[in-house]
Protein chains: 2
Amino acid sequence: MTGRRPTSADVAREAGVSRATVSYVLNDAPGERIAQPTRERVLAAAARLGYAPSLAGRTLANGQSDIVLLAMPDAPSGELTSRFVDAVTRSLAAQGLTLVVHFDVPSAPRLPRLAAMLSVRAVLSLFPLPDADNAALRRMGIRVVPAGTESDGLATSALLRRQGRMQVEHLVAAGHTRLAYALPADPRLSVFADPRHDGVRQACAERDLPVPATFTVPDDPSAVVPAVRALLADAPQVTAICAYNDEVALAVLHGLRELAVHVPTRMALIGVDGIPLSAYSAPPLTTITVAPAATARHLARAAVARLAGDRATPVPIEDVLHLTPRATT
Amino acid sequence: MTGRRPTSADVAREAGVSRATVSYVLNDAPGERIAQPTRERVLAAAARLGYAPSLAGRTLANGQSDIVLLAMPDAPSGELTSRFVDAVTRSLAAQGLTLVVHFDVPSAPRLPRLAAMLSVRAVLSLFPLPDADNAALRRMGIRVVPAGTESDGLATSALLRRQGRMQVEHLVAAGHTRLAYALPADPRLSVFADPRHDGVRQACAERDLPVPATFTVPDDPSAVVPAVRALLADAPQVTAICAYNDEVALAVLHGLRELAVHVPTRMALIGVDGIPLSAYSAPPLTTITVAPAATARHLARAAVARLAGDRATPVPIEDVLHLTPRATT
DNA sequence: CGGTGGTGGTTACGCGCGTAACCATCACTG
DNA sequence: CAGTGATGGTTACGCGCGTAACCACCACCG
């Protein structure tokens, strides 16, 4: 009754057929030649025993598993991340593939090794992998599938850059020319922050604006005011701030309020993400709203399409981003 | 050069020994009887070929894999979650075990099936699993390891209940007797929200206070004000609100401000989590701060200790929670 | 010089599965 | 009635690995 797991041999015995028959039936073999009554006997036996095929056996037999490994950067994950995982899990499940998430924390088994051990079908990643990992995976014949490519604007970093550009577009349209960029303190966020920052700088360069001043917003609330004060002192001509995201923006907003700097007349401010709390600040925050579910579905679809070898990925990225003008600009 | 993955046979050939020798060397077999020079030849060959053992083969041979499956509820994951995953990954890696995260999204392969397929060493879970899953796993002889048990107060739900109790303790100490509870709108959050809510109700019951009025805070910012208005109308005698978390609390705070209800004189408010933004509201939010890294380590340690069969888990839970009194109470 | 024990390996097998190759049966045709 | 498909299965093998059982060799002792 402790019951080791039932194997296909158990099912075969229970159904009174050979193991091969069981395998053919349960896999719906393409050129199947199994009579209907037999099929049903097998299926019933499998159900009765609660049979689940051993991935190990199957993997060994056909050389690769049904596992797709999603490589996540070592960064704090938010709502978008979990929705993305969710969406990818669904899409892959529909194709009979199982998603396994690997968080690239420093002490975890390194990605290529884990991928090899699991005999994965492919490695999916939102961001370009380190060259060494890429090389190691390629050497072992493991496919690496990026969520999207630079050329079609589907890459995660392209999406992030576009968010930065949209911040600048809005501020410039409102007449600002001297901008600053507010970075988050957590270094692990740089995978997201760098592309957004790049987008801002590119958009400025294209308009012949000066390079935005940069400052880091500390995690410690009491340290925020000094950081904002320093910016105001170092770059007095700045009239608008692009924040890495809404959280950073709200921290900056707090600092400005404490320093009695009026928003938006003396200083404009814009965030990214459109988190619920952005609507509740005083004044409410202008932001680039990212539709999390849609973005996640979009990235998931792009990734899964690439996995399937599909080169045509139609979804335009504008759909998932839009400006939410409120009172800080 | 496309190179299929090297197997232990390849290593054996390269080193000029038998496959068994390779296996003994690479696994550091307990009663190993392999000469040092041979050992080194094998290790060198393995390194040269970039050999990584196939989990499938190993799993098949010894009946179970080195994988521990972490079952996550279908709920939006936040910072605490990702830190927990991180901490568990580290702890397990130190024991040669690999953590694989399974998000229980509706369309994913069901947990018992995945566990069986992976021939997992154990299933780890933060919350009690559905009875059906538990039974299925037990039937297949798969260990289920909870993060902690009710009896020692280490269970996740006990931790969450304690947060609710602490909210009440603080409000009662400030003289409040008629409380309300603000629930989040997303139904997936109920795994977290129910225990916190339970803690609040228990603490009230123990003090012979009336059962707190309950209301749900909608995600849509424009719907928050009506929700708060409805609460004020339905339960006019309420003088303090426990919010599910800081986000909900900040939404409620916004609603109260719009309705010109003074905080904290007419209505007190307390959150849970201690997110950075809680410090930036006007007035700043009183909250139960959860040290995310410490909590994650604590839960991870408890879970890993249980996995190792250790019954003695010393860490007291008080360490990771503390009251952060600010201006809303 | 036959036995004895230790050293350093090798050979052989099975884990659970997919699948190619094979085979028995039977209805039908020339 | 021998020959021919079609039908409905079965037998046999190998995937990569761990490990029990075995074996060749040599030093040493009685």
Side-chain angles (χ1 to χ4, degrees), chain A residues 3-42 45-46 49-67 96 113 116-121 140-141, chain B residues 4-42 45-46 49-67 96 113 116-120 140-141:
Chain A
R4 38 174 259 317
R5 307 180 31 203
T7 74
S8 75
D10 296 326
V11 176
R13 200 173 315 117
E14 176 87 6
V17 298
S18 75
R19 228 183 35 67
T21 302
V22 171
S23 186
Y24 285 131
V25 169
L26 295 183
N27 295 328
D28 253 342
E32 49 165 324
R33 344 216 292 88
I34 309 294
Q36 194 57 27
T38 310
R39 287 180 61 81
E40 283 163 11
R41 279 219 317 286
V42 170
L49 296 178
Y51 170 72
S54 150
L55 240 202
R58 170 173 295 175
T59 298
L60 208 49
N62 56 21
Q64 60 178 4
S65 69
D66 289 335
I67 292 180
R113 187 180 164 77
M117 291 197 309
L118 293 174
S119 305
V120 298
R121 185 71 64 89
M140 298 187 302
Chain B
R4 39 172 261 314
R5 306 181 31 204
T7 73
S8 75
D10 296 326
V11 176
R13 201 174 312 118
E14 176 88 4
V17 297
S18 77
R19 228 181 36 66
T21 302
V22 171
S23 185
Y24 285 131
V25 169
L26 295 183
N27 294 328
D28 252 343
E32 49 166 324
R33 343 218 291 85
I34 309 294
Q36 194 56 31
T38 310
R39 285 181 61 80
E40 283 163 10
R41 280 220 316 287
V42 170
L49 296 178
Y51 170 72
S54 150
L55 241 202
R58 171 172 295 177
T59 298
L60 207 49
N62 56 21
Q64 61 177 4
S65 70
D66 288 335
I67 291 181
R113 188 181 163 76
M117 292 196 310
L118 292 174
S119 304
V120 298
M140 297 187 302

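Per chain, numbering begins at 1; letters A, B, ... match sequence-line order.
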note = Assert: residue with more 5' nearest nucleotide on DNA chain C, out of R58(A) and A20(B), is A20(B)

Under 4.0 Å, counting only non-hydrogen atoms across every strand here, what does [X] touch: a base, just sugar-phosphate, or nothing?
X      : value
S18(A) : base
A35(A) : sugar-phosphate
S54(A) : sugar-phosphate
T7(B)  : sugar-phosphate
S23(B) : base
T38(A) : sugar-phosphate

Distance criterion of 3.5 Å, no angle test: do you see the side chain of [X] paired donor-to-acceptor with the base of [N]?
X      : N       : answer
R5(A)  : dG16(C) : no
R39(A) : dG8(D)  : no
R33(B) : dG9(C)  : no

In whole Å, what is the span from the [atom1] atom of [X] to the [atom2] atom of [N]?
X      : N       : atom1 : atom2 : result
R41(B) : dG9(C)  : CZ    : P     : 7 Å
N27(A) : dA20(C) : CG    : C1'   : 15 Å
D28(A) : dG18(C) : CG    : C1'   : 14 Å
D66(B) : dG16(D) : CG    : P     : 19 Å
N62(B) : dA20(D) : CG    : C1'   : 15 Å
L26(B) : dG18(D) : CG    : C1'   : 12 Å
Q64(B) : dC15(C) : CD    : C1'   : 13 Å

Separation between [atom1] of [X] and [atom2] of [Y], rounded to the nearest 0.5 Å:
X       : Y      : atom1 : atom2 : result
M140(A) : R5(B)  : CE    : CZ    : 6.5 Å
T21(B)  : R33(B) : OG1   : CZ    : 11.5 Å
S23(B)  : I34(B) : OG    : CD1   : 10.0 Å
L118(B) : I67(A) : CG    : CD1   : 5.0 Å

Whichever of L60(B) and T21(B) has its nearest DNA chain D nucleotide further upstream toward 5' = L60(B)

message = Quick check for you: among dT10(C), dC17(C), dC17(D), whose closest atom lies nearest to any side-chain atom of Y24(B)?
response = dT10(C)

inquiry  = Side chain of A61(A), heavy atoms from C-beta onward: which of dT19(C), dA21(D), dC15(D) has the nearest atom to it?
reply    = dC15(D)

task = Please tell me if the side chains of D10(B) and R13(B) come closer than 4.5 Å, counting only heavy atoms from C-beta onward.
result = yes

